[in-house]
Amino acid sequence: MSPHAGPKAPPSALIPDPALLPSLAFVESPVQLLNVLEWAHRTAAAAAGEQPGATAAGSLGGPRRGEHDAVGAVHGPLTIVVLSPKDPMTRGQLRRMAELARGEGHTVRWEDARGGASAPLTTVGGLAPLLRAARRIVIGDPFSRYVQLLLTITRARDLVVVDDGTATMEFIGQIAGGERLVRWHRRGGRPGPRDLVFAPVSANARRRLTPGGRRRVEVFSSMPIDQAPEGITVTANDFAWTRARFGPPTITPGADLVGTSLVETGVVDPDRYLRAVRDLAAAHGATRYFAHRREDADKLHKLSVFTGLEIVRPDLPLELIARRGPIGRTILSFPSTVVHTLPLALTGTGVAVAVCDIDPAWLTDRASPRAQGFLAGVTDTARDVRRVGAARDIPGPGGEPEAAGDQDRDGAQRQPKPPPPGPYDPPPPREGTPKSRSAPA
């Protein structure tokens, strides 16, 4: 031993304490970031031996005393990496969610991951040291090529998948069947050139997301997952953080309608969607339409003129908007994530969630062969929701489809209210422009 050297450290001292190694989360949408916060909240509560959601209602401050210690005891410091998309609405919601995450004591790193041709290379290179040091990786979208590429770098043995909407159910099914990872609305088609080039990366990601040996996989979800592949741990997300930090909301009379991006993804015909929204709003007295962040501005303009609904573009995920209020006594939705999440976020408030089925006649020729079955499954597995009839494309007295009302317990159809004027005779917009606003912060 050199006379100038100190005593040699034992081998165990050279191995970092796993509890002090960081956890790294990758998110690309506001809902993914919300679910990362829910996961961190539940993990902290479990470590502290507390019931999740025990914080004071309405508190928007940082974690309670000891909550950071509880998080660290389980998964070390949490760094949330936002792989920012280009869409302005999504970026705006992500920035608001990032503020909330920082308020909870988490580190947030914003990456303009799609800011130019060199952005992906710069982003991956900059994240490589964090990926190699992370003990646990939390992801929100296992179908994302960006995320799949990042998974090839990490050495983490603990992987957590939080909800990215109903895609979680599809992910579980594909892992169980050993299938390649493909989004539900793209299944059934032939792989394109980019799919073939990326196939080895996708296959590697699928292997990383399949438990085996010392590799552990957890799915943190509010979706109805009755059976998971062997080795995958499923933890229920009951939106305890949302209920602890927001609300309870003020309940207003009438109904609110939740929009969907099924038109933008090529699944539903735009004209039939406009008529369905008009008929549904008329049948249930809806006055506001909460737009999905990916809905096209031109489509929303047409919808406002055609239906007379007030278009609201939320600045946060709908679960937080609804919990904060004010919100209608009934929330109407087409098959989507919110028919599973809103009943949990609004537990005990008295707000009812109703779902309207997608008529097969509304589907486009470009829709995946699995589209109708997948959407029906979203509705069939929803808990604590009421089903309402869809507007069928059957000519009514004025040559337009009849609006369908609620179904009674015996299946009899209630008579809806008369619909507003047809598509070629829209009501004039109030004050000269369609009603549209953003939800207040």
Side-chain angles (χ1 to χ4, degrees), residues 16 18 21-37 39-40 75-88 90-91 93-95 97-98 101-102 106-164 167-168 171 174-175 180-183 186 191-210 215-220 294:
L21 292 177
S23 288
L24 198 57
F26 293 99
V27 299
E28 297 173 275
S29 76
V31 168
Q32 292 174 27
L33 183 40
L34 168 59
N35 289 323
V36 168
L37 294 180
W39 169 80
H75 53 68
L78 174 61
T79 296
I80 301 172
V81 179
V82 178
L83 302 172
S84 176
K86 293 181 178 180
D87 173 57
T90 303
R91 288 171 69 92
Q93 286 193 16
L94 276 168
R95 290 198 183 278
M97 288 302 303
R102 291 188 181 101
H106 305 303
T107 300
V108 179
R109 175 168 171 159
W110 186 279
E111 294 284 345
D112 282 315
R114 296 167 176 85
S118 62
L121 185 61
T122 302
T123 299
V124 172
L127 291 173
L130 285 174
L131 281 160
R132 294 191 181 100
R135 168 177 173 260
R136 175 178 287 150
I137 298 294
V138 184
I139 64 172
D141 183 5
F143 298 101
S144 165
R145 287 176 173 170
Y146 229 127
V147 169
Q148 290 177 3
L149 182 60
L150 294 171
L151 286 177
T152 65
I153 301 174
T154 183
R155 301 167 183 165
R157 289 175 179 158
D158 288 356
L159 295 172
V160 180
V161 179
V162 302
D163 273 336
D164 182 35
T168 305
F171 164 72
Q174 291 178 18
I175 289 294
R180 66 188 184 99
L181 299 176
V182 184
R183 299 187 192 277
R186 294 179 181 171
R194 294 179 64 184
D195 298 318
L196 296 175
V197 170
F198 206 78
V201 174
S202 182
N204 178 276
R206 188 185 68 241
R207 286 192 296 271
R208 294 302 308 269
L209 291 166
T210 303
R215 187 170 56 252
R216 294 178 293 271
V217 179
E218 175 189 359
V219 173
F220 180 74
R294 287 201 297 262

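Worth saying up front: this structure is predicted, and the values here are computed from it rather than measured.
- Minimum heavy-atom separation, G125 to P129: O-CD, 3.7 Å.
- Every residue two or more places apart in sequence or in another chain was checked for a salt bridge (Lys or Arg N to Asp or Glu O under 4.0 Å) with R207, and none qualifies.
- Here the closest non-hydrogen pair linking A113 and A119 is O-CB, 3.6 Å.
- Side-chain contact between F26 and L151 is absent, with no heavy-atom pair separated by less than 4.5 Å.
- Atoms CG and CE, on N35 and M97 in that order, are 8.5 Å from each other to the nearest 0.5 Å.
- Between T90 and P30, some side-chain heavy-atom pair lies under the 4.5 Å cut-off.
- Applying the side chain to side chain contact (heavy atoms under 4.5 Å, CB included) criterion to T152, with sequence neighbours excluded, gives L149, V201, N204.
- Qualifying side chain to side chain contact (heavy atoms under 4.5 Å, CB included) partners for R102, counting only residues two or more places apart in sequence or in other chains: A98, V108.
- The side-chain hydrogen bond (donor to acceptor under 3.5 Å, both in side chains) search around D163 returns T168, S221, S222, not counting sequence neighbours.
- Considering only residues two or more places apart in sequence or on other chains, R114 meets the side-chain hydrogen bond (donor to acceptor under 3.5 Å, both in side chains) condition with E28.
- Counting heavy atoms from C-beta outward, I137 and L150 have side chains that stay 4.5 Å or more apart.
- Residues passing the side-chain hydrogen bond (donor to acceptor under 3.5 Å, both in side chains) test with R206: none are found, sequence neighbours excluded.
- Going from atom OG1 of T107 over to atom CG of L130 covers 10.0 Å, rounded to the nearest 0.5 Å.
- Scored by the side-chain hydrogen bond (donor to acceptor under 3.5 Å, both in side chains) test, T154 finds no partners at all (sequence neighbours excluded).
- The CG atom of L83 lies 7.0 Å from the OG atom of S144; values are rounded to the nearest 0.5 Å.
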side-chain contact (heavy atoms from CB on, under 4.5 Å) evaluation trace for F220 with V138: CA-CA 10 Å; F220 180 74; V138 184; over 6 Å; no
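- Closest approach of P22 to A133, counting heavy atoms only: CD-O, 3.8 Å.
- At a threshold of 4.5 Å between non-hydrogen side-chain atoms, the residues L37 and H106 count as touching.
- Under the salt bridge (Lys or Arg N to Asp or Glu O under 4.0 Å) criterion, E111 pairs with R109, sequence neighbours left out.
- Using modelled atom types, no side-chain atom of E218 and backbone atom of L159 make a donor-acceptor pair closer than 3.5 Å.
- Residues satisfying the salt bridge (Lys or Arg N to Asp or Glu O under 4.0 Å) test with R208, not counting sequence neighbours, are none.
- Between P120 and Y146 the shortest heavy-atom distance is CA-OH, 2.9 Å.
- For the atom pair F171 CZ and L209 CG, the distance stands at 4.5 Å (nearest 0.5 Å).
- At a threshold of 4.5 Å between non-hydrogen side-chain atoms, the residues P85 and L94 count as touching.
- Shortest non-hydrogen contact noted between A134 and A156 is O-CB, 3.6 Å.
- Judged as a salt bridge (Lys or Arg N to Asp or Glu O under 4.0 Å), and not counting sequence neighbours, the contacts of D112 are R91.
- D158 CG to R215 CZ: the interatomic distance, rounded to the nearest 0.5 Å, is 11.0 Å.
- Rounded to the nearest 0.5 Å, atoms OG (S84) and CZ (R95) are 6.5 Å apart.
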